[in-house]
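Side chains are part of it too, since the values below use all heavy atoms of this structure and drop only hydrogens, waters and symmetry mates. By convention here, the first residue in the shown sequence is residue 1.
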Amino acid sequence: MRKLPRMIAAALALALLLSVTGCGGSADGKTHLSFQIWDVFQRDGMQAMCDAYTAQHPDVVIDVQVTSWSEYWTKLEAAAESNTMPDIYWMHTDQILYYADFGILADLTDLYADEDPNYYANHFSDVSIANASGSDGRIYGVPKDKDNVVLVYNKEMFDAAGVAYPDDTWTWDDMMDASQKVYDATGKYGYLAYNDEQLGYWNFVYQNGGYILDENNVYAGYTNPATADAIKFYVGIQQNEWCPDQTYFTETSPGTAFFSEVGCMFLEGSWNLLAEMQNYPEMVGKWDIAPLPKCPNPASGDGRGTISNGLCYSTAAKGKQLEQVKDVLRFFGSEEGQRIQGESGAAIPAYLGLEETWSTAYESFDYMLDVGVCYDQFDYAVKYINNPSRRKWKPLVADEMVKIYKGEDIDSTLARMQEIADSYVTTE
């Protein structure tokens with residue numbers, strides 16, 4: 001029998017049926033529910049959804065609470081151990097298998113059974129459903145949103161260098177060429193290639209026909225030739241005079257460099273675009289987004305690819321107010337709930353057909369960002385990479401990637417990354 005992590009063992013030993021903070025009954029006679037999230041820029045959107053629900057159910061009060069990403073998971077683990085978990089909370093793909101596989105999360109597979117037994121399949125993509133599922137294939141979260149990675153570029157720097165803006169014909173070669181020309185004309189950095197997975201080398205790997213996990217989601221692919229070649233290309237970008245080295249990026253993020261106007265391109269997640277429009281009003285109209293440049297000579301495939309992820313709404317398996325919470329979650333996954341989220345600008349709805357409601361939030365700016373790029377890229381998006389053991393080997397592999405940037409031999413380091421990831425494969 002596997003030894004359970006301390007947090008899980010304690011939580012189960014203390015009986016998860018007590019693991020909810022919701023006050024249940026209260027002095028005002030209403031049901032009070034807590035809703036934990038980590039993104040302050042999405043708070044208004046989440047509140048709008050909650051307000052729509054409570055308008056129909058005035059006997060329910062939902063308190064939206066924001067905890068920073070850096071503290072969110074530490075607090076959630078502590079809450080599970082002390083039986084004080086929020087009633088509703090966001091669940092990330094990196095964590096859902098950990099929580100679901102040990103029985104922490106409520107099984108929501110049959111949430112819409114009375115309404116439509118095929119509700120999930122009829123209204124959410126396979127990727128969204130997979131991101132909300134446990135290792136057993138059961139659904140442990142209502143799909144919330146979906147995203148992908150885009151190329152952000154500075155229009156003024158391109159104009160100064162006399163370079164045409166990026167479009168869907170661009171390849172890696174075009175990106176490299178434009179970076180050099182912008183640097184020569186303006187002295188500004190070109191593409192800001194820093195060490196990251198979803199916002200960095202993963203995209204290049206899949207564009208080249210490589211993979212991080214095989215088609216069965218079990219074994220790593222770091223030593224696959226197409227994977228290795230893509231990583232070598234991506235890491236090698238920092239050898240150019242127009243790209244800062246990794247030491248620079250340990251102190252300055254690509255986004256900070258870009259919006260400080262010292263660099264002309266970087267990869268960004270669709271989930272950050274609205275916040276950046278709001279945070280840098282002086283930059284509105286100076287920048288836009290484009291599809292990711294494709295690999296010009298992929299080992300396989302057409303050279304396109306962008307990593308796509310998505311969150312879901314989850315709750316504790318034995319919450320005291322589980323039935324009430326399930327009703328709220330049912331609304332969050334409804335067309336009405338997902339439309340509210342989209343129009344608020346919180347995120348691109350996971351609900352099929354409502355993606356473009358997210359454009360509404362951008363119409364208030366003097367310049368309309370080309371968010372249609374995000375919708376178009378879903379046609380060739382690659383599901384966020386994850387499996388039950390990745391939570392354990394992810395930080396170890398990340399440490400090895402740092403060594404590559406410090407000058408260690410890439411092939412031998414990739415071999416160690418392969419060995420580390422595969423060492424966690426079990427035959428249970």
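Comment: Lys394 does not engage Glu400 in a salt bridge, judged by the lack of any side-chain N to carboxylate O separation of less than 4.0 angstrom. Using a cut-off of 4.0 Å between Lys/Arg side-chain N and Asp/Glu carboxylate O, Asp411 and Lys232 are scored as salt-bridged. Ion pairing between Asp126 and Lys383 fails under the 4.0 Å rule for side-chain N and carboxylate O. Between Arg416 and Glu408 there is a salt bridge, with a side-chain nitrogen of the basic residue lying less than 4.0 Å from a carboxylate oxygen of the acidic one. A salt bridge is defined here as a Lys NZ or Arg NE, NH1 or NH2 lying under 4.0 Å from an Asp or Glu carboxylate O, and Lys326 with Asp107 fails to meet this definition. Residues Glu355 and Lys146 are paired through a salt bridge, judged by an N-O separation under 4.0 Å between the basic side chain and the carboxylate.
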- Message: Between Phe35 and Phe332, does the ring-ring contact (aromatic ring centres under 6.0 Å, His included) criterion hold? Intermediate values first, please.
- Response: CA-CA 12 Å; Phe35 179 15; Phe332 283 4; 5.5 Å; yes
- Message: Under the criterion side chain to side chain contact (heavy atoms under 4.5 Å, CB included), I'd like the reasoning laid out for Leu151 against Trp170: C-alpha separation, chi angles, the key distance, then a yes or no.
- Response: CA-CA 11 Å; Leu151 179 71; Trp170 254 39; 4.1 Å; yes
- side chain to side chain donor-acceptor pair (under 3.5 Å) between Asn203 and Gln207: does it pass, once the steps are laid out? CA-CA 6 Å; Asn203 300 278; Gln207 288 167 356; 5.5 Å; no
- Message: Please evaluate residues Ser135 and Asp101 with respect to the criterion side chain to side chain donor-acceptor pair (under 3.5 Å), reporting the C-alpha separation (whole Å), side-chain torsions for both, the decisive distance (0.1 Å), and the verdict.
- Response: CA-CA 7 Å; Ser135 298; Asp101 291 358; 2.6 Å; yes
- Stepwise side chain to side chain donor-acceptor pair (under 3.5 Å) check, Lys155 with Tyr367: CA-CA 12 Å; Lys155 295 166 59 183; Tyr367 180 85; 3.3 Å; yes
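The closest side-chain heavy-atom distance from Asp147 to Ile348 is not below 4.5 Å.
In this structure a side-chain-to-backbone donor-acceptor pair under 3.5 Å is missing from Ser260 to Val262. Put simply, the side chain of Thr315 gets close to the backbone of Asp87: a donor and an acceptor are under 3.5 Å apart. Remark: the backbone N or O of Ser389 is paired with a side-chain donor or acceptor of Asn387 at under 3.5 angstrom. Counting only distance, with no hydrogens or angles, the side chain of Asp245 and the backbone of Gln238 share no donor-acceptor pair below 3.5 Å.
Classification of the Trp38-His92 ring pair by plane angle, with boundaries at 30° and 60°, yields tilted. Ring geometry, Tyr280 versus Phe259: the interplanar angle falls under 30°, so the pair is classed parallel (tilted spans 30 to 60°). Between Phe365 and Tyr362, the angle of the ring planes lies from 30° to 60°, which puts this pair in the tilted group. Using bins of under 30°, 30° to 60° and over 60° for the plane-to-plane angle, the ring pair Phe204/Trp172 lands in the tilted bin. Between Tyr375 and Trp358, the angle of the ring planes goes over 60°, which puts this pair in the perpendicular group of the 30/60° scheme.
Taking each heavy atom of Gly269 and Leu199 in turn, the nearest pair found is N-CD2, 3.4 Å. The nearest pair of heavy atoms linking Gly210 to Asn224 is CA-OD1, 4.0 Å. Here the closest heavy-atom approach between residue Ala161 and residue Val182 is recorded as CB-CA, 3.8 Å. Taking each heavy atom of Met85 and Ala316 in turn, the nearest pair found is SD-CB, 4.3 Å. Of all non-hydrogen atoms in Ala185 and Ala160, the two that sit nearest each other are CB-O, 4.0 Å.
Heavy atoms of other residues, nucleotides or ligands lying less than 6.0 angstrom from CD of Gln65 number more than 12. More than 12 heavy atoms of other residues, nucleotides or ligands lie within 6.0 Å of CG in Asp379, so this atom counts as buried by the packing criterion. For Glu363, the CD atom is densely surrounded, since the number of other residues' heavy atoms within 6.0 Å is greater than 12. Around the CG atom of Asp409, the shell of radius 6.0 Å holds more than 12 heavy atoms that belong to other residues, nucleotides or ligands.
Residues Tyr384 and Trp202 place their aromatic rings such that the two centres sit under 6.0 Å apart. Between Tyr183 and Tyr189, the distance separating the two ring centers is not shorter than 6.0 angstrom. If you look at Tyr206 and Tyr211, their ring centroids are not closer than 6.0 Å. The aromatic ring centres of Tyr153 and Phe158 sit less than 6.0 Å apart. Checked against the 6.0 Å centroid criterion, the rings of Tyr191 and Phe258 do not qualify as a close aromatic pair. Aromatic pair Tyr112/Tyr120: centroids less than 6.0 angstrom apart.
For the atom pair OG1 (Thr413) and CD1 (Ile404), the distance works out to 5.0 Å, reported to the nearest 0.5 Å.
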